[in-house]
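Notes to accompany the following structure.
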Amino acid sequence: MKTAKEMGLGLCPECRKVNEMLSTQQRCSRCGSLFFQRKVNSLQYTLAWNIAALIAFIPANLYPIMIIYSLGVPEASTILSGIGLLIDHNLYPIAVVIFTASIIVPLIKIVGLFFLVLKVHLGQRLKPKKHSKLYHVLEFLGPWSMLDVFVVALLVAVVELGFVSTVEAGPAINYFTLTVIFTMIAATSFDPRLLWDEDDTIEIDKPKEEF
Amino acid sequence: MVDQACTSELIACQQCDALYKQPCLNEGQKAECGRCGATLFERKNNSIERTFSLSIAGLLFLTPAIILPIIGVTLAGQFHNASLLDCITQLIGKGFYMIAILVFMFAIAVPTVRLIGALYISYCFKFNKIKPFLLHFFRAYHQLDSWSMLNVFLLAIIVSMYKLLDDTELSVDYGLLAFVLLLLCSTLVSVTLDQDYVWQTLEKECLDENS
């Protein structure tokens, strides 16, 4: 099994053309984008965005995300207390969906990316296949944590009943959005090919064809 | 080292950088990487025709999905409904500029630009108007891939409906139907558009003339 890197070739990340690498940075001969053989400083960038996401996640959970005014009385709720309220109202499916999207998914993304960065940094390539699956899952999960932000945005617009009931967004929504965006950028900064480099244990030469 | 003529017959896996000779595939077949299992190369059925019709359909649903009210609530005799556009104007009115911009980007701007882009590309291919400009255009089109969040927004609509059902009377409007159809079209467009085919044709048509 040869990789493009070993042959002095590089894959253009934009149009997937294999280019001959004449220097470290190069323009793709097909689409003209500048690229490197591997994303430069991929681990550092991923780590930095990840830490930023983790920091933004703290105020996102401490400040209220939504303030409900019913008959003029404000009632603020954070992400967690909002989930508590849903459980009190016996809305279990929604509580589970919101808990997954706003607490579990961001945490899994942050922890998972830390784990992958650590694995590449230590040079342990025991199960690259499993790890790149994990990376795929993390990449897929990214946008779904925006769920809570969209819910609040919708409720703010829909529940506008004057004195009877209005909904306003709280400051946490800004921090939470930042968390989501930072984790998405962190995931795109990571180069999954680093998980496979210097791994010569598996020898398969032909691609499988599916019909 | 491999010379330039050979690199066009090679493909590398995006996930693990394994190098393969480009397989010859018929329409509807795809090749998978033997090392990590990622899709290497795909030939999609009737790609251009399908993309062309689906993007036109998507653009037709776009305006009703944005302007028509999605859901409405009735509480203590008062009624209020909101469209996607109302969400954004309300958020701006209440001073949440960042969230307003992001909702606009992820739920309106990115999907719209992607549909228009797909329409333009499939139009040029269908009527044989391929020009070098498309190389840059298609590259830019790809940057938007992971930032379209219509599907997350639909889940947010469902979650808010559940939340509102608890203590208000809920009504559903035509905006929701248009939104679901828009989501369907925009998802199908990204499934039917054959990237490899587009890139290879562009390369053949645009770059060979120059050299």
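The chains referred to below are lettered A, B, ... by the order of the sequence lines, with proteins before strands, and numbering in each begins at 1.
- Only the backbone of A/V167 has a heavy atom closer than 4.5 Å to any heavy atom of chain B.
- Between chain A and the residues B/L155, B/T74, B/D86, the most heavy-atom pairs under 4.5 angstrom are made by B/L155.
- With sequence neighbours excluded, the residues forming a side chain to side chain contact (heavy atoms under 4.5 Å, CB included) with A/F115 are A/K119, A/H131, A/L134, listed by chain and number.
- Put simply, CD1 on A/I67 and NZ on B/K94 are 10.0 Å apart, with the number rounded to the nearest 0.5 Å.
- Shown here for B/L91 and A/A153, the closest heavy-atom pair between the two residues is CD1-CB, 3.7 Å.
- Contact residues of residues 98-106 of chain B toward chain A are B/M98, B/I99, B/L102, B/V103, B/F106 (heavy-atom distance under 4.5 Å).
- At a 4.5 Å heavy-atom cutoff, B/I88 makes no contact with chain A through either its backbone or its side chain.
- For A/Y135, the OH atom sits in a packed shell: over 12 heavy atoms of surrounding residues, nucleotides or ligands are nearer than 6.0 Å.
- Closest heavy-atom contact between B/L164 and A/V159: CD2-CG2, 3.4 Å.
- Contacts from residues 96-106 of chain A to chain B, taken as heavy-atom pairs separated by less than 4.5 Å, involve A/V97, A/I98 in sequence order.
- Contacts between B/F96 and chain A at a heavy-atom distance below 4.5 Å involve the side chain alone, from C-beta outward.
- Between chain A and the residues B/Q195, B/K163, B/H142, the largest count of heavy-atom pairs under 4.5 Å involves B/K163.
- Taking the side chain as every heavy atom from C-beta outward, A/F150 and B/I157 never approach each other to under 4.5 Å.
- Between the CG atom of A/N174 and the OH atom of B/Y97 there is a distance of 12.0 Å, given to the nearest 0.5 Å.
- Most heavy-atom pairs under 4.5 Å with chain B, from the set A/I181, A/D191, A/T177: that is A/T177.
- The environment of CZ in B/F79 is crowded: more than 12 heavy-atom neighbours from other residues, nucleotides or ligands sit within 6.0 Å.
- Both the backbone and the side chain of A/I173 come within less than 4.5 Å of a heavy atom in chain B.
- Both the backbone and the side chain of A/L154 come within less than 4.5 Å of a heavy atom of chain B.
- Heavy atoms of A/L155 lying under 4.5 Å from chain B belong exclusively to its side chain.
- In plain terms, the two heavy atoms of B/Q90 and A/A157 that are nearest each other are CG-CA, 3.8 Å.
- Between B/A82 and A/V158 the shortest heavy-atom distance is CB-CG2, 3.7 Å.
- Taking 4.5 Å as the heavy-atom cut-off, the residues of residues 76-90 of chain A that approach chain B are A/L86, A/H89, ordered by number.
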